There are 2 protein chains.
Amino acid sequence: MQTLQEKASEWSGVSQNDAFAIDDTNLYEKLGHQTFINLSTNFYNRVYDDEEEWFRSIFANSKKEDAIQNQYEFFIQRMGGPPLFSQRRGHPALIGRHRPFPVTHQAAERWLHHMQEALDTTKDIDSDSKTKMMNFFRHTAFFLVAGDELKNPKQAIPCKHAA
Amino acid sequence: MQTLQEKASEWSGVSQNDAFAIDDTNLYEKLGHQTFINLSTNFYNRVYDDEEEWFRSIFANSKKEDAIQNQYEFFIQRMGGPPLFSQRRGHPALIGRHRPFPVTHQAAERWLHHMQEALDTTKDIDSDSKTKMMNFFRHTAFFLVAGDELKNPKQAIPCKHAA
């Protein structure tokens with residue numbers, strides 16, 4: 001049986017090593033606190049304005065300000081900064097916290113499309129950091145697709161709801 | 001609706017602040033690499049020898065050596081050391097990775113019983129570090145109980161399997 005990280009590598013085309021090259025440098029110290037806030041704001045502005053209604057609707061029950069803060073606090077914590085996310089919300093628990101959402105291959109690609117544009121239009125992100133972050137995001141997005149599929153194991157006995 | 005971290009705090013009796021006081025000092029640098037290996041080895045020796053068959057059986061499909069390595073690599077990464085866990089297995093994704101296991105209140109208490117004994121009998125763990133780690137473990141154990149309950153939401157429509 002393929003592990004989560006094997007599926008993530010196969011589907012994303014990003015090796016485990018490249019995905020976690022974010023740990024080779026302290027990206028938080030390199031880019032600075034405000035850059036992470038700017039990146040997440042830029043990203044969610046795109047998401048909440050997405051012309052693709054199926055994707056925009058995934059976020060319909062979340063406030064944009066909360067989505068932005070949750071994201072940049074996680075990025076800051078994971079990329080060498082203070083543990084802001086855990087202090088406020090506990091473990092990242094990425095698969096568990098994405099359980100309410102339909103994390104499909106198509107949704108992963110749409111998320112990554114907006115993130116690439118956000119990275120390209122946020123100032124003060126050098127190209128080496130951009131490559132590292134995009135590899136991390138791409139691998140993580142498909143790690144979550146793999147995690148989402150655990151919800152509906154193909155081996156499950158089909159079940160009929162009583163009328 | 002209570003959040004995961006609110007449930008974790010209520011059930012564990014450990015505040016969010018106390019749980020993440022592990023981030024106030026670099027426990028990896030303070031205790032050293034080998035101490036984490038010793039702690040996890042001590043812990044799983046107890047678990048795999050548990051006289052309580054219901055608890056021991058939760059681990060029946062995992063090799064002890066793998067359980068030990070997965071645990072100390074996660075602890076090392078989370079407590080200020082190199083990101084060994086992610087390099088090998090990807091995101092910790094604690095709730096997702098515990099999905100196959102019955103993480104009940106009773107199982108959390110049994111896990112914590114063995115961990116307290118392991119902490120008390122592993123050399124070179126000073127009492128301040130022990131308190132911080134135990135608060136983190138206690139909060140995390142009940143965070144996972146809260147995550148486990150997401151699997152069986154009470155609102156779910158009951159379902160009958162076809163004969």
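None of the values given here were measured: they were computed from a predicted structure. Labels below follow one simple rule: chain letters A, B, ... track the order of the sequence lines, proteins then strands, and each chain is numbered from 1.
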More than 12 heavy atoms from other groups under 6.0 Å of CG on A:N61: no
When A:E6, A:Q87, A:R89 are compared by non-hydrogen pairs under 4.5 Å with chain B, the top option: A:R89
Hphob cluster co-occupancy, B:F142 + B:V14, side-chain heavy atoms under 4.5 angstrom: no
Joint cluster assignment, B:I76 & B:L94, ILVMFWY side-chain distance < 4.5 Å: yes
Criterion side chain to side chain contact (heavy atoms under 4.5 Å, CB included) on B:L4 and A:R97, from CA distance to verdict: CA-CA 9 Å; B:L4 289 167; A:R97 293 189 196 270; 4.0 Å; yes
For the student: nearest non-hydrogen atoms of B:L150 and A:G96, plus distance: CD1-O, 4.4 Å
Atom group of B:T140 that falls short of 4.5 Å from chain A, counting heavy atoms: both
Atom group of B:R88 that falls short of 4.5 Å from chain A, counting heavy atoms: backbone
A:R99 versus chain B, the contacting section by heavy-atom distance below 4.5 Å: side chain
Interchain contact, A:S86 with chain B, by part (heavy-atom threshold 4.5 Å): both
Aromatic plane relationship, B:F74 with A:H91 - under 30° parallel, 30 to 60° tilted, over 60° perpendicular: tilted
